[in-house]
Number of protein chains: 2
Amino acid sequence: MAATAHFSTKDRILGAAEELFAQFGFSGTSLRQVTSRADVNIAAVNYHFGSKENLVNEVFRRRMDEMSAHRLSALKAALEKHPGELEPILAAFVEPALAIAQDRHGGAAFVRVVARAYAEKNDSLRKFLSDHYGHVLRDFAKAIAACVPGLSKEELYWRLDFLAGALTYAMADFGLIKRPSGTAEKAHRERAARELIRFAAAAFNS
Amino acid sequence: MAATAHFSTKDRILGAAEELFAQFGFSGTSLRQVTSRADVNIAAVNYHFGSKENLVNEVFRRRMDEMSAHRLSALKAALEKHPGELEPILAAFVEPALAIAQDRHGGAAFVRVVARAYAEKNDSLRKFLSDHYGHVLRDFAKAIAACVPGLSKEELYWRLDFLAGALTYAMADFGLIKRPSGTAEKAHRERAARELIRFAAAAFNS
DNA sequence: GTCTATACGCTGATAGAC
DNA sequence: GTCTATCAGCGTATAGAC
């Protein structure tokens, strides 16, 4: 695969799916659109991915791996450069998520699938998430606990849940706040991150 | 309609749709499932609702109207009984959502429908919500602004969005926190509401 | 192993008879 | 208002070519 400049059938499907999911949403994209854009036969999807749902999961896994890596390296940097400070830890959690969410290339599809993973209570998907990315949350919980020693473990986890909810909501751009048409997407995202970090810092410190 | 104990075709479709959407999601539920459960003809949906999308909106509207009315009357009571206090206002926002979530007659279904809308990032549904219930959020924003005079309007709206995200997440039981098997569902939800109100109060007061 | 042609049982939607 | 009939498009499955 490194020996050729051509993309494989599988990669072309992934790329086309990612673009179309971002533009039209998950259920708004048909496999026929995907395979037409990728210039492959309709049956190739089921050959390479088994099902449409699994194709979505594969698109999702790519982003999640990337986001988790960014979160962990940002956490490491935050602990080294700002030991004992809460906000840099929260920034390490929030910023990679919002960056991925607003990435042009498939970010919107990623957001949709993240939320689905929870909403569907799909146990195998939940297990996949917990198995592959649970250690990330645990690292953040430990780092936050060290900054806010008065917090019980139960309260800590409740608040992490609330932060995750607010973050997911912000990622999906679901709320009242709409980006003013004059504002660049990047500036809007940075504003969202800054606001959420301050919000969460105040809440964790209470 | 008040003259008879029978439910109309339209109401039977709405009830069946709410239950099925909660269980299988929007795109996971076919109109044939809905009409089969409601014991009406498949074409009745398009006759009464025009489209599947509009049926989704109507399912939402029934519950949202109820929840919004509860929120507004609770807000009024909070402002009269506890003028100048933030936490009663937040409780007026959070607790009706809790109440709906606990309602025997489809309330749990409603919460899951909201969660799914959020997960699937259904744009038309989102616009519908914003058009019809934006004024409720605006009333809360005004009440909160009076309690936290230092907050800019923009910051206020960001924080309301974060609160809404955390609330949606928590009410749908999305997060890490799992209800211990010995705990009653009602007690668990009341714990969630209490934690969230404290969390949000700290965040708004920062 | 990869890929294609083809078809099956569904879907949401609509037109027109009653 | 409600029904039947029918439509194009959907995700999926499989047989078989290379």
Does some side-chain heavy atom of A/L98 sit less than 4.5 Å from a side-chain heavy atom of A/L167?
yes
Here the pair of heavy atoms bringing B/L20 nearest to B/T29 is O-OG1, 3.1 Å
Taking for B/L31 and for A/T9 the nucleotide of DNA chain C with the nearest heavy atom, the one nearer the 5' end belongs to A/T9
So does B/N46 get a side-chain nitrogen or oxygen closer than 4.0 Å to the phosphate oxygens (OP1/OP2) of C/dA13?
yes
Tell me what B/T35 touches on the nucleic acid: a base, only sugar-phosphate, or nothing, going by heavy atoms under 4.0 Å.
nothing
I need the NZ-P distance between A/K52 and D/dG9, as an integer number of Å.
16 Å
Give the rounded distance in Å between these two atoms: NZ of A/K10 and P of C/dG1.
14 Å
Whole-Å distance between C/dT11 C1' and B/I42 CD1?
9 Å
In short, B/I89 meets B/A143 closest at the heavy-atom pair CD1-O, 3.6 Å
Quickly work out the B/E53 CD to C/dG12 P distance and round it to whole Å.
13 Å
May I ask you to say what B/A43 touches in the nucleic acid, namely base, sugar-phosphate or nothing, with a heavy-atom cut-off under 4.0 Å?
base
Ignoring hydrogens and angles, does a donor from either the side chain of A/R32 or the base of D/dG9 sit under 3.5 Å from an acceptor on the other?
no
Angle between ring planes, B/W158 versus A/H188, binned at 30° and 60°: parallel, tilted or perpendicular?
tilted
Tell me: CG of B/L55 to C1' of C/dT11, nearest whole Å?
15 Å
Check for me whether B/K10 meets the cation-pi criterion with B/F49, that is, NZ or CZ under 6.0 Å from the six-membered ring centre and within 45 degrees of the ring axis.
yes
Of A/D39 and B/G50, whose closest DNA chain C nucleotide lies nearer the 5' terminus?
A/D39
So, does B/H48 get its side chain near the phosphate of D/dT2, meaning an N or O under 4.0 Å from OP1 or OP2?
yes
For the side chain of A/N41, counting heavy atoms from C-beta on, which of C/dG1, C/dT11, C/dT4 is nearest?
C/dT4
Would you kindly give the CG-to-C1' distance between A/N54 and D/dT12, to the nearest whole Å?
14 Å
Any A/Y47 side-chain N or O less than 4.0 Å from OP1/OP2 of C/dT2:
yes
Length of the line joining B/F49:CZ and C/dT14:P, which is rounded to integer Å
16 Å
